[in-house]
Amino acid sequence: MKVGFVGLGNVGSKLAGSLLRNGYDVTVRDLNEDFVNDFVNRGAKSASSPKELAENCDVVITCLPSPSACSQVMEAEDGIIAGLSEGKVWMEMSTTDETEVRRIADKVEAIGAFAVDCPVSGGCHRADTGNISIFAGCKREAFDKVLPILTTMGRRILHTGEIGSASVLKVVTNYLATANLVSIAEALTACKVLGMDMNVSYEAIKASSGNSFVHETESQVILNGSRDINFTMDLVSKDVGIFHELTKRKGMDLEIAPLLVNIFKDGEEKFGSRELSPNIIRRIEEPCGVKVLGEGFPPEMVDDEPEEKGYEVVIEGRKD
């Protein structure tokens, strides 16, 4: 099966790398020629346009930074839709708005191709080893068709329902991760100001009911000082903003979501949109005159679990 991959950024490069590492025939495209050349040097092919890539591949994957970027790649005159044909598959792995993925999916399916909404969750370090989780919203026929690809890029694969359902759940989980990050930033800074040993504080939180995936990962790079989780403030703002807009469209008046949107917009204004997202802690550190650091923590997260073949998570009690 020939797979085309458009978008070789922080996450996309790792997902595409898993496919290439596991023997897939991969064609890549990205606006950054250095990213493309790196893959070509490792055995991938390249394409001169998204249309050419789609014409020459059975499955086309997009992993792009925004809904507008995806729309451009899909719908341009030389875009992916122009190169799709009956029986081919488009897999959207970006974090995007569910209404947008459904709109584009309608155009893909009108050709007779399949559309799969399949964002990832679990961090760049797990994307790098093929151990990340993947949500997939699509028809069951489409899911079965791409399951071998999904289980190569990820470990736990959830069929979430119809197209768009995976994007809803993705922004929900990113919202929760953001709430965790902001609360961890406050908690760690409080520990520092209160005179706690930061290594002891880390382990105490990890061993307690206050633990979370975010603490076990992002707290480590915060305490190292690198703050490098391969994610930036503008991307957090985008994801939380999508979640907030989605809930507002349904008439929900949430309390925490708009607060998180404002916190990260303030972080962008203070430190720059491309500042690493864990540095949201600087909003609290700097007024307190402290630097929250520990000893012996890694500068970036590395997945220490061996790469394993993925599997579909069987969900008990589902109604669809």
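Along the sequence shown, residues carry numbers from 1. Given the structure is predicted, the values throughout are model-derived calculations rather than measurements.
- Two different hydrophobic clusters hold F213 and I222 under the rule that ILVMFWY side chains link at heavy-atom gaps under 4.5 Å.
- Here E186 does not pair with R283 in a salt bridge; the nearest charged N to carboxylate O distance is not below 4.0 Å.
- When atom types are taken as modelled, the side chain of T160 and the backbone of A166 share a donor-acceptor pair closer than 3.5 angstrom.
- A salt bridge does not link R282 to E285: none of the charged nitrogens lies less than 4.0 Å from a carboxylate oxygen.
- Panel note: side chain D266, backbone N262; no donor-acceptor pair is recorded below 3.5 Å.
- Side chains of K14 and N10: a donor-acceptor N/O pair is absent below 3.5 angstrom, by distance only.
- Residues K270 and E275 are not paired through a salt bridge, judged by the lack of any N-O separation under 4.0 Å between the basic side chain and the carboxylate.
- Side-chain contact, E268 with S273: a donor N or O sits under 3.5 Å from an acceptor N or O.
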Quick one, R126 with N131, criterion side-chain hydrogen bond (donor to acceptor under 3.5 Å, both in side chains). Give me CA distance, side-chain angles, the key distance, then yes/no. CA-CA 5 Å; R126 288 187 176 172; N131 288 328; over 6 Å; no
Take H159 and F135 through the ring pair (Phe, Tyr, Trp, His ring centres under 6.0 Å) test and state the conclusion after the steps. CA-CA 6 Å; H159 182 219; F135 302 156; over 10 Å; no
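- In plain terms, the two heavy atoms of V171 and I242 that are nearest each other are CG1-CG2, 3.7 Å.
- Heavy-atom neighbours of L254 CG from other residues, nucleotides or ligands within 6.0 Å: above the threshold of 12.
- A distance-only check finds no donor-acceptor pair linking the side chain of K139 to the backbone of A115 [under 3.5 Å].
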Assess the residue pair E100 and S71 against the criterion (side chain to side chain contact (heavy atoms under 4.5 Å, CB included)); give the C-alpha distance rounded to whole Å, side-chain angles, the decisive distance to 0.1 Å, and a yes or no. CA-CA 8 Å; E100 183 68 1; S71 175; 3.6 Å; yes
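- Across all non-hydrogen atoms, the minimal contact from T27 to L53 is O-CD1, 3.6 Å.
- Although no hydrogens or angles enter the test, the distance criterion places no donor-acceptor pair under 3.5 Å between the side chain of E218 and the main chain of V214.
- Going from atom SG of C63 over to atom CD of E92 covers 8.0 Å, rounded to the nearest 0.5 Å.
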Just do the side-chain hydrogen bond (donor to acceptor under 3.5 Å, both in side chains) check on N22 and T152 with the steps written out, would you? CA-CA 7 Å; N22 285 283; T152 299; 5.7 Å; no
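- Between R140 and E312, at least one side-chain nitrogen of the basic residue sits less than 4.0 Å from a carboxylate oxygen of the acidic one, meeting the salt-bridge criterion.
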Let me see the working for T96 and S94 under side-chain hydrogen bond (donor to acceptor under 3.5 Å, both in side chains), right down to the final yes or no. CA-CA 6 Å; T96 190; S94 318; over 6 Å; no
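- Taking every heavy atom of both residues into account, T189 and C288 meet most closely at CG2-SG, 4.4 Å.
- A 4.5 Å side-chain heavy-atom check between I134 and R156 finds every atom pair outside the cut-off.
- In this structure, K88 contributes its side chain and F114 its backbone to no donor-acceptor pair below 3.5 Å.
- Comment: E162 engages R102 in a salt bridge, judged by a side-chain N to carboxylate O separation of less than 4.0 angstrom.
- Hydrophobic clustering (side-chain heavy atoms under 4.5 Å, transitive across Ile, Leu, Val, Met, Phe, Trp, Tyr) groups V6 together with V101.
- Look at K206 and E216 and you find no salt bridge, because none of the NZ, NE, NH1 or NH2 atoms lies under 4.0 Å from a carboxylate O.
- Residues F5 and F39 keep their aromatic ring centres 6.0 Å or farther apart.
- The two residues V36 and S46 have their closest heavy-atom pair at CG1-CB, 3.7 Å.
- With N224 contributing its side chain and F297 its backbone, the two residues share a donor-acceptor pair below 3.5 Å.
- Heavy-atom contacts from other residues, nucleotides or ligands closer than 6.0 Å to CD of Q72 number 12 or fewer.
- Every residue meeting the salt bridge (Lys or Arg N to Asp or Glu O under 4.0 Å) condition with R318, not counting sequence neighbours, appears here in chain and number order: D320.
- Closest non-hydrogen pair, I205 versus G210, comes out as CG2-O, 3.8 Å.
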Applying side-chain hydrogen bond (donor to acceptor under 3.5 Å, both in side chains), run through S49 and D78 and close with a yes or a no. CA-CA 6 Å; S49 70; D78 64 347; 4.8 Å; no
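- Between the side chain of D38 and the main chain of D34, no donor-acceptor pair closer than 3.5 Å is present.
- Here D253 does not pair with K248 in a salt bridge; the nearest charged N to carboxylate O distance is not below 4.0 Å.
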